[in-house]
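Order of the sequence lines fixes the chain letters, A, B, ..., with proteins taken first and strands second; residue numbering starts at 1 for each chain. Owing to the predicted nature of the structure, the values given are computational and were not obtained by experimental measurement. Side-chain atoms are counted along with the backbone in the values below, which use heavy atoms only and exclude waters and symmetry mates.
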Protein chains: 2
Amino acid sequence: MSTVSSTADDILACARTLIIAGGYNGFSYADIADVVGIRKPSVHHHFASKVDLVRTLVSRYREEAQAGLSALERNVADPADQLRNYVGYWEACIKDATAPFCVCALLASELPILPEEVALEVRAHFRFLASWLASVMERGKRQGRLHLASTARVEAEGFMATVHGAMLSARAYGDPKMFGTIIRPLLDRLSTRH
Amino acid sequence: MSTVSSTADDILACARTLIIAGGYNGFSYADIADVVGIRKPSVHHHFASKVDLVRTLVSRYREEAQAGLSALERNVADPADQLRNYVGYWEACIKDATAPFCVCALLASELPILPEEVALEVRAHFRFLASWLASVMERGKRQGRLHLASTARVEAEGFMATVHGAMLSARAYGDPKMFGTIIRPLLDRLSTRH
DNA sequence: GCTTAGCTACCTTCCAGTAGGTAGGCAGTC
DNA sequence: GACTGCCTACCTACTGGAAGGTAGCTAAGC
């Protein structure tokens, strides 16, 4: 029942990997067919068009992210630890190279040439992530566990931007450790009084 | 004598705009030919291959960046003002939408699928920019004009990452002001004692 | 007997790149 | 000053391959 069609999931997983490597125009249905082990038209059977595939993929990605952050809120009480956990997730992804970049961050860089349906999903992810970070910042401030230099909203936007920029630097240098090198001082600044 | 061939320059300028919009695979020789007003094979006359074109473009971009930062060092003495000036440059670019993204930052996001010759140039730009920022941080620290929370190198990498991430956020939100919103607190933290 | 999941064969369009030609400019030379 | 040779900057016409996508078939399963 949950394994109705593993092929569609395989296609989505494969497309995600390919998008993370080179963006929307960096892969084709032929690439996916090769990896998944079916013929090109069979990919169309699962996802009628490329826009359809990528929109579904990003939508699914957003659901996972929202579920993941909800779980984080349930399992970790301290706002500072929540931030550390969030960062740790990406640190691990970048280290083991399974998915060393946020799908939405990569697609956002090509926003001007993205099909509108995909662009909408990407923008929605940015708004959601920034809102979640702002709520963590706000709570951390109220509880005296995070020391903000500006408003929760601005601090959240700065945090998100730095995380995305750190992913980019890690990729540019070909050095997974660069992500942590950049983010750790940021966490320290937020969680220690000065 | 300096206007030997403005067509080659037109092609480079056009390609730069197109890359900023959608990356390496987001444009074609046909797109360039349309904008510049010549036929597609005539583009090949100036740049034998697409790799050739983009490598030249990035190489030229790096030269301009290095010249620009050299001029900044000559004209502005205070390290904090140098950072403000650098940020102000991008703020203006994003605001008037002429080139609202760093060519190398965009290409870096697609590094895994970039032709090696282009990838080399992109990585070199990251190293150069980070080195320049580190030297500014170092000097600012010595002169007591910048207050670093960690080493000059780490502070420089964090600064660069935040600038790149802020470009991405401005694009994702479709809001040029977002860049300044994110970067201003960063400049404040570096230039005021706390 | 309808649905699902795959297939082969094919279409149109676009892609980077090539072949080969033309028109004009600028030497040098008789 | 006309002729020759070469160069630059384009052009038309084309190639091979890859792109996204379609038509219509088969085989299996409930």
Side chain to side chain donor-acceptor pair (under 3.5 Å) involving [X] - partner list, sequence neighbours excluded:
X        : answer
A:Glu116 : A:Arg123
A:Asp52  : A:Arg55
B:Asp78  : B:Arg145

Test: B:Glu64 and B:Arg16 ion pair at under 4.0 Å: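 The answer is yes: the pair qualifies as a salt bridge.
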Looking at residues at least two apart in the chain, or sitting in another chain, which of them share a salt bridge (Lys or Arg N to Asp or Glu O under 4.0 Å) with [X]?
X        : answer
B:Glu121 : B:Arg62
A:Arg153 : A:Glu157
A:Lys177 : A:Asp175
A:Asp81  : A:Arg84

Think A:Thr7 has a side-chain N or O under 4.0 angstrom from the OP1 or OP2 of C:dG6?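 Yes, A:Thr7 has a side-chain N/O under 4.0 Å of OP1/OP2 on C:dG6.
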Round to a whole Å and report the spacing from [atom1] of [X] to [atom2] of [N].
X       : N      : atom1 : atom2 : result
A:His45 : C:dG6  : NE2   : P     : 7 Å
A:Phe47 : C:dG6  : CZ    : P     : 11 Å
A:Leu53 : D:dG21 : CG    : C1'   : 14 Å
A:Asp10 : C:dA5  : CG    : P     : 12 Å
A:Lys50 : D:dA18 : NZ    : C1'   : 12 Å

Can you tell me which stems DNA chain D forms when a stem means 3 or more consecutive Watson-Crick or G-U pairs under 3.5 Å?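 DNA chain D stems, ordered by first number: C:1-30 with D:1-30.
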Interface residues of residues 24-44 of chain A with DNA chain D (non-hydrogen, below 4.0 angstrom):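 Within residues 24-44 of chain A, the residues near DNA chain D are A:Phe27, A:Ser28, A:Tyr29, A:Ala30, A:Lys40, A:Pro41, A:His44.
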